[in-house]
Amino acid sequence: MIRLGLCCKFLNEQIRFYTTTARYVGGLSPEKKTAKIKNLCLQNAQSLLSAIDYCSKNNIGSFRINSRILPLKTHPDFGYDIKKLPQAKEIEGTFKLCGRRAKASGIRLTFHPDQFVLLSSPHKEVTRKSIQELEYQAEVSEWVGADVIIIHAGGAYGDKNAALKRLSYELQKLPKSVYKRLAIENDDRVYTPKDLLGFCKTNGVPFVYDVHHHRCLKEGLSVEQVTEAALKTWNREPLFHVSSPKFGWERARPNLHHDFINIQDFPECWRGLPITVEVEAKAKELAVKKLRSQLLSFRKGI
DNA sequence: AGCGGTCAAGTTGAT
DNA sequence: ATCAACTTGACCGCT
């Protein structure tokens, strides 16, 4: 059966991840600042453990970890080395416990850095900060055993080929801890599956197929064609994304995500494949549960 | 307890 | 020109 994944947070379940802002910690004394950040890191590590246990008990096969699991980790003014925080051993130890727990219960863990992380930018500073962010997420990945860090190809800057060339160049220079986890996903504005499938193959990076984005930004390839090609880019369990449009396909802004997945939007050709499908839906764990029950009962055309 | 203003970051396209 | 959207609205200070 397909492994369904929950993204970042819970709707009803009382498991929360906490963060803070640069502005706020900027107004604290050094002692209070360190204490605040240490507490958030420790709480988040414990919340991740709860999230893994919840997924394990509720037949949710994977969990995407929020990029702010260690708040402000790479901030230019307030970033920090986890090993230098008070209770560093306890924080790291809790994350490693998450890793053992996830492995024991077969829960796959993933990361999806946010929109500021790009390797195709012509601006050196953007690239430098992106790599720093990727290294941080890879560090946590090492502790918890996350095997995928998904990014988009970024902007086109008026010349897609030149942008992809920069991306390729940066990919080959990445530290191994990042490169071995990195995967690239099609987006809904710039890069289609067609743009990325060959690129991913050539560069030894798996392709994350987001079928919703593909339906928003079409290029002529069918869902079946892309699915087949995407599977071949993976050297481990392939990972895809699904979501449904908030206001329907015929209305404006189909890219906005619905609370739940409409079973009609779940590609028929994905059924029975040994893949992870991350469910990008606002109703979170409720949406994953509903999709699972519909996949078990629903047959198209009935 | 509830509410409103605010929050580090890049790029694009709709308005 | 401004702003919302993107994988995730959450946090803090004021009343």
Side-chain angles (χ1 to χ4, degrees), chain A residues 5-11 13 15-28 32 36-37 39-40 43-44 47-48 51 62-80 109-134 136-137 146 148-160 163 166-167 183-191 208 210 212-213 216-217 239-243 245-247 251-259 276-285 287-288:
Chain A
L6 171 63
C7 298
C8 304
K9 58 184 296 201
F10 295 81
L11 184 68
E13 198 59 26
I15 298 172
R16 294 190 54 197
F17 295 91
Y18 302 87
T19 187
T20 187
T21 61
R23 174 174 291 247
Y24 177 69
V25 298
L28 299 177
K32 285 193 169 171
K36 170 83 180 171
I37 288 186
N39 285 335
L40 292 173
Q43 279 181 305
N44 286 347
S47 293
L48 181 58
S62 88
F63 184 71
R64 179 189 298 172
I65 302 171
N66 179 351
S67 295
R68 294 193 273 206
I69 187 90
L70 303 181
L72 299 175
K73 176 71 170 70
T74 61
H75 188 280
D77 299 324
F78 306 112
Y80 49 92
L109 296 173
T110 72
F111 276 92
H112 194 345
D114 59 33
Q115 61 271 33
F116 312 106
V117 178
L118 335 153
L119 297 176
S120 61
S121 175
H123 309 110
K124 284 270 177 292
E125 263 309 279
V126 173
T127 307
R128 186 188 67 75
K129 284 189 277 188
S130 294
I131 293 170
Q132 194 186 9
E133 181 74 17
L134 289 168
Y136 137 58
Q137 298 197 14
V148 203
I149 300 177
I150 304 162
I151 62 171
H152 291 285
Y157 314 89
D159 185 346
K160 236 186 233 187
R166 285 191 296 273
L167 173 56
I184 298 180
E185 178 190 348
N186 61 304
D187 61 82
D188 60 355
R189 341 259 298 230
V190 183
Y191 290 95
V208 174
D210 186 316
H212 184 81
H213 287 157
C216 292
L217 183 69
L239 192 151
F240 295 168
H241 288 173
V242 74
S243 35
K246 182 169 185 171
F247 305 112
R251 304 282 296 277
R253 298 190 295 167
N255 53 314
L256 298 190
H257 290 172
H258 199 279
D259 290 347
T276 297
V277 177
E278 290 187 330
V279 177
E280 297 184 334
K282 302 286 185 193
K284 299 296 154 190
E285 78 276 15
V288 178

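Worth saying up front: this structure is predicted, and the values here are computed from it rather than measured. Protein chains get the first letters and strands the later ones, always in sequence-line order, with residue 1 at the start of each.
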What nucleic acid atoms does [X] come within less than 4.0 Å of, heavy atoms only: base, sugar-phosphate, or nothing?
X	result
A:F111	nothing
A:N255	sugar-phosphate
A:K73	nothing
A:H213	sugar-phosphate
A:Q115	base
A:S130	nothing
A:H241	nothing
A:F78	nothing

Could you grab the distance from atom [atom1] of [X] to atom [atom2] of [Y], nearest 0.5 Å is fine?
X	Y	atom1	atom2	value
A:L239	A:I150	CG	CD1	4.5 Å
A:K284	A:L6	NZ	CG	6.5 Å
A:H75	A:Q132	NE2	CD	11.0 Å

Selected nucleotide, minimal atom distance to [X] side chain, candidates [options]:
X	options	value
A:L256	C:dC11, C:dA10, C:dC6	C:dC6
A:V190	C:dC12, B:dT12, C:dT8	B:dT12
A:R23	B:dT11, B:dC7, C:dA10	B:dC7
A:T21	B:dC7, C:dC6, B:dT11	B:dC7
A:Y18	C:dC11, B:dT12, B:dA8	C:dC11
A:P122	B:dT11, B:dA9, B:dT12	B:dT11
A:L118	B:dG10, C:dT8, B:dT12	B:dG10
A:V126	C:dA10, B:dG10, B:dA8	B:dG10
A:K36	B:dA8, C:dC12, C:dA10	C:dC12

For [X] and [N], is the shortest distance between a side-chain N/O and OP1 or OP2 below 4.0 Å?
X	N	answer
A:S121	B:dT11	yes
A:H112	C:dC6	no
A:Y24	B:dC7	no
A:R16	C:dC11	yes

Report task. Would you kindly compare A:R189 and A:K282 by the position of their nearest DNA chain C nucleotide and give the one closer to the 5′ end? Result -> A:R189
Query raised in the report: Between A:H75 (NE2) and C:dC11 (P), how many Å, whole number?
Result: 17 Å
Report task. Figure out the CG/C1' separation between A:N66 and C:dC11, and round it to whole Å. Result -> 14 Å
Query raised in the report: Given A:C7, which of A:H112, A:H241, A:E285, A:E278 fulfils the side chain to side chain contact (heavy atoms under 4.5 Å, CB included) condition?
Result: A:E278
Query raised in the report: Which nucleotide, in any strand shown, forms a Watson-Crick or G-U wobble pair with B:dT12, with both distances under 3.5 Å?
Result: C:dA4
Report task. Report yes or no: is the cationic atom of A:K160 (NZ for Lys, CZ for Arg) under 6.0 Å from the centre of the six-membered ring of A:Y191, at an angle within 45° of the ring normal? Result -> yes
Could you tell me how far [M] sits from [N] if I compare only their [atom1] atoms? Round to whole Å.
N	M	atom1	answer
C:dA4	B:dT6	P	14 Å
C:dC3	B:dC7	P	14 Å
C:dC12	C:dT8	P	22 Å
B:dA8	C:dG13	P	14 Å

Report task. For residues A:L119 and A:L134, determine if any side-chain heavy atom of one lies less than 4.5 Å from a side-chain heavy atom of the other. Result -> yes
Query raised in the report: According to the 5.5 Å centroid and 30° plane-angle thresholds, does A:F116 stack upon the nucleobase of B:dA9?
Result: yes
Query - Nearest heavy-atom neighbours spanning A:A281 and A:D259 - result: CB-O, 3.2 Å
